[in-house]
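No experiment lies behind these values; they were computed from the predicted model shown. Along the sequence shown, residues are numbered consecutively beginning with 1.
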Amino acid sequence: MKFKILDVQWHIGHQYEMLKFPFVEWSWLMQYKRRGFSKSIRGDIGNMFEYVCCYEPGVYDAAILHLDQDCLDPLLWEVGKGSVYRDMNEIIDDIPKIVIMHGTPYRPEGRVPYNDPQWMIDRLQQILGNNHMIVNSLQAARQWHCGIPIIHGLDPIEWFDLPKYPRVVTTLSPSGMPSYYDRGFLDEVKTALRRRDIIHCQIGVDCFPGSWDEYRELIGRSLIYFNPTKESPMPRARTEAMLSGACIITTPHHDADTFIQDGTNGFLIERDPEYVADLIESLICEPDRAIVIGQRGKHTAQQIFGWERFARTWEDLLSEVTLAHKTDVA
């Protein structure tokens, strides 16, 4: 028996791994408030779910809803991406709802008072109601004072560990939430690397893979992956790079210091652009050392970011939530 689950487009990388669950029959609700996506970006994703044009009571066992900290802003709650959650939450009242909170209570560039962490925590509790909430890191659960951490899982077979070029790569979109992703830190490191004539490729800014295969080959042929983020809970691209054998240089936030041993299977760094550039230069000059550390990081990722563990955790959660709902209804 499969769970019949309703979802809506939000985070394609995260949802791609969930769409592979053999115990779920997925439907995605069509919605006009968010942009579409390229089906080439993550395999043949369009064949992994059925689009439905409206919610039909009595058809589904549970629904997946999505939030991040931006959604809590009253303006975005009314006309922006927060309204997707609002509309679905209001319409669906006959099945359990599981909310994936993709962000943290950190939005310093936001409008006052909607940039205050305590305001965001209180606002989340208000709109969450009796819904179940999933977060993507242990630190995010502590920050929100609630939420069940389910750390992402990937299939190692899908990632390419190829002969490495002496370059650094970072996957980060060109704009949005500058402090959250610490784009200023990234720019300072890129400037320091240019002075050393070291190639750094920011995917989505400096290079644009045309397909998922091109993306995986780009990551798989890069000697070093640099992650500058401050608040992103468990960046997926970093795990992808680990599974591709890249040597990881990362900030220590959101549990990274629980699985990266500095200098052994990656590097933990603070916000010091010149130190990071010096470290990268030394690894470029000693590629064999970087490759050994990258292989250790790959082994770590295979051990703790496995897709099977991710799937089992979700299956257990869905079983518990749907059974409890049926018991309450009865």
Applying side chain to side chain donor-acceptor pair (under 3.5 Å) as the test, list every pair that has at least one member in residues 309-320; sequence neighbours left out.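 Not a single pair qualifies under side chain to side chain donor-acceptor pair (under 3.5 Å).
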Are [X] and [Y] close enough for a salt bridge, meaning some N to O gap below 4.0 Å?
{"X": "Lys4", "Y": "Glu50", "result": "no"}
{"X": "Arg183", "Y": "Glu188", "result": "no"}
{"X": "Glu281", "Y": "Arg196", "result": "yes"}
{"X": "Asp61", "Y": "Lys2", "result": "no"}
{"X": "Arg216", "Y": "Asp213", "result": "yes"}

Considering the options Met48, Lys20, Met18, which one meets the side-chain contact (heavy atoms from CB on, under 4.5 Å) requirement together with Trp26?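 Filter result, single survivor: Met18.
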Ring-ring centroid check His102 His66, cutoff 6.0 Å: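 That pair passes the under 6.0 Å test.
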Using the six-membered ring wherever Trp is involved, compare the ring planes of Phe23 and Phe21 and label them parallel, tilted or perpendicular (cut-offs 30° and 60°).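 Ring orientation, 0 to 90° scale: parallel.
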Under the salt bridge (Lys or Arg N to Asp or Glu O under 4.0 Å) rule, collect the residues that match up with [X], sequence neighbours excluded.
{"X": "Arg107", "value": "Asp70, Asp73"}
{"X": "Arg194", "value": "none"}
{"X": "Glu240", "value": "Arg42"}

Give me each pair satisfying ring pair (Phe, Tyr, Trp, His ring centres under 6.0 Å) with a member in residues 150-172, each pair once, sequence neighbours excluded.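 Sorted result for residues 150-172: His152-Phe305, Trp159-Trp212.
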Name all pairs fulfilling the ring pair (Phe, Tyr, Trp, His ring centres under 6.0 Å) condition that reach into residues 216-237, sequence neighbours left out, sorted by first residue then second.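 Qualifying pairs: Phe185-Phe226.
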Step through the shown structure and confirm whether more than 12 heavy atoms of other residues, nucleotides or ligands are within 6.0 Å of CD1 on Ile199.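 Not more than 12 within 6.0 Å, no.
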